[in-house]
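What follows is a single structure, written as structure tokens, with notes after it.
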Amino acid sequence: MSGVFEPEHWMMVLPPYLGWRAAGRGGVWWGLVAAVLAGVVPAVFLALGARRGWWGRGLRVRRERLVAVPGLLLVLAVALGVVHGAGAPREVAALVTAMVAVVVAGAAVTGVWKVSAHAAVSAAAAAALVIACRPRPVGATVLLVAALGAVVVVVAWSRVRLECHTRAQVVVGAVLGLALGGTVFAGLR
């Protein structure tokens, strides 16, 4: 399950959707630009690094993350510059900013401890979707929160089951993503 909900997959799907919600067809184009810059390019960067032996696939070892993260942050900084500097819809720019904030915070934690990026990004994406969609009536909100919460729990469970993380690492990742990602997205949209 964690393969389907890779962090970069969230960033390939959510920006076009949020762009469409915010600005129609033009927003979709901005969302696609954000998806390429904040989803596809980072995925290619990580895959190329793994292929060249700079780090392993999936960055399972903390020291490998320490090698990959500076380049990943540089790629994401370019994505931030483009979406903010060139006038992307606020929700698209807010999503990219929120996800970059989660990656930066996760990278800071990685200096001393391994935290689950899958759980963090999944929780941040769930928070952004709930905030952006604001379903009415309350029952629809409860259903959306329950469905997205179930996705986050399954992703976290799969990371523990695959022995990529401990329970504590996925819980910290999910809380980090929910609190930081949700707060940044809500504040900027």
How long is the straight-line distance from NZ of K114 back to CD of E64, given to the nearest 0.5 Å? 9.0 Å

Which pairs pass side chain to side chain donor-acceptor pair (under 3.5 Å) with one or both residues in residues 34-49, sequence neighbours excluded? none

Return a table of donor-acceptor pairs under 3.5 angstrom between the side chains of residues 83-101 and protein atoms on other chains or two or more places apart.
unit_1: H84; atom_1: NE2; unit_2: T97; atom_2: OG1; d: 2.6
unit_1: R90; atom_1: NH2; unit_2: L188; atom_2: O; d: 3.4
unit_1: E91; atom_1: OE2; unit_2: R189; atom_2: NE; d: 2.8
unit_1: E91; atom_1: OE2; unit_2: R189; atom_2: NH2; d: 2.6
unit_1: T97; atom_1: OG1; unit_2: A93; atom_2: O; d: 2.7

Atom OG in S122, atom NE2 in H9: separation rounded to 0.5 Å? 11.5 Å

Nearest heavy-atom approach of P42 to V75 is CG-CG1, 3.8 Å

Closest non-hydrogen atoms of L46 and W55, given as atom of the first, atom of the second and distance, are O-NE1, 2.9 Å

Shortest non-hydrogen pair, A120 vs L176, comes out as CB-CD2, 4.4 Å

Indicate, with yes or no, if V121 and V145 share a hydrophobic cluster defined by side-chain heavy-atom contacts under 4.5 Å among Ile, Leu, Val, Met, Phe, Trp and Tyr. yes

Run the side chain to side chain donor-acceptor pair (under 3.5 Å) test against W30 and tell me which residues pass, sequence neighbours left out. none

If you round to the nearest 0.5 Å, how far is OG1 of T110 from CD of Q169? 9.5 Å

Closest non-hydrogen atoms of P15 and W10, given as atom of the first, atom of the second and distance, are CD-O, 3.9 Å

I'd like to know if the side chain of T183 reaches the main chain of L180, judged simply by a donor and an acceptor atom lying under 3.5 Å from each other, with no hydrogens or angles considered. no

Can you list, pair by pair, the side-chain donor-acceptor contacts under 3.5 Å of residues 134-141, counting residues two or more places apart and other chains?
unit_1: R134; atom_1: NH1; unit_2: A132; atom_2: O; d: 3.2
unit_1: R136; atom_1: NH1; unit_2: R134; atom_2: O; d: 3.2
unit_1: T141; atom_1: OG1; unit_2: P135; atom_2: O; d: 2.7

Is there a side-chain contact between V154 and F5, using heavy atoms and a 4.5 Å cut-off? no

Could you list the residues that satisfy side chain to side chain donor-acceptor pair (under 3.5 Å) with S116, not counting sequence neighbours? none

Of V109, V170, V175, the one forming a side chain to side chain contact (heavy atoms under 4.5 Å, CB included) with V115 is V109

Cluster link M11 to F45, ILVMFWY, side chain under 4.5 Å: yes

Look at the side-chain heavy atoms of Ile, Leu, Val, Met, Phe, Trp and Tyr, link any pair under 4.5 Å apart, and say whether L144 and L18 land in one connected group. yes

Taking V78 as the starting point, is it possible to reach L73 by hopping between hydrophobic residues whose side chains are less than 4.5 Å apart? no

Nearest atoms (heavy-atom pairs only) where L32 meets P16: CD2-CG, 3.8 Å

Side chains of Y17 and L129: does their closest heavy-atom pair fall under 4.5 Å? yes

Would you check, one step at a time, whether the test side-chain contact (heavy atoms from CB on, under 4.5 Å) holds for C133 with R21? CA-CA 8 Å; C133 293; R21 287 186 57 86; 4.2 Å; yes

Residues A119 and V152: closest non-hydrogen pair is O-CG1, 4.5 Å

What about V151 and F185, same hydrophobic cluster or not, with Ile/Leu/Val/Met/Phe/Trp/Tyr joined at side-chain heavy-atom distances under 4.5 Å? yes

Taking salt bridge (charged side-chain N to carboxylate O under 4.0 Å, His left out) as the cut-off, I'd like each qualifying pair that reaches into residues 25-54, sequence neighbours left out, listed once. none

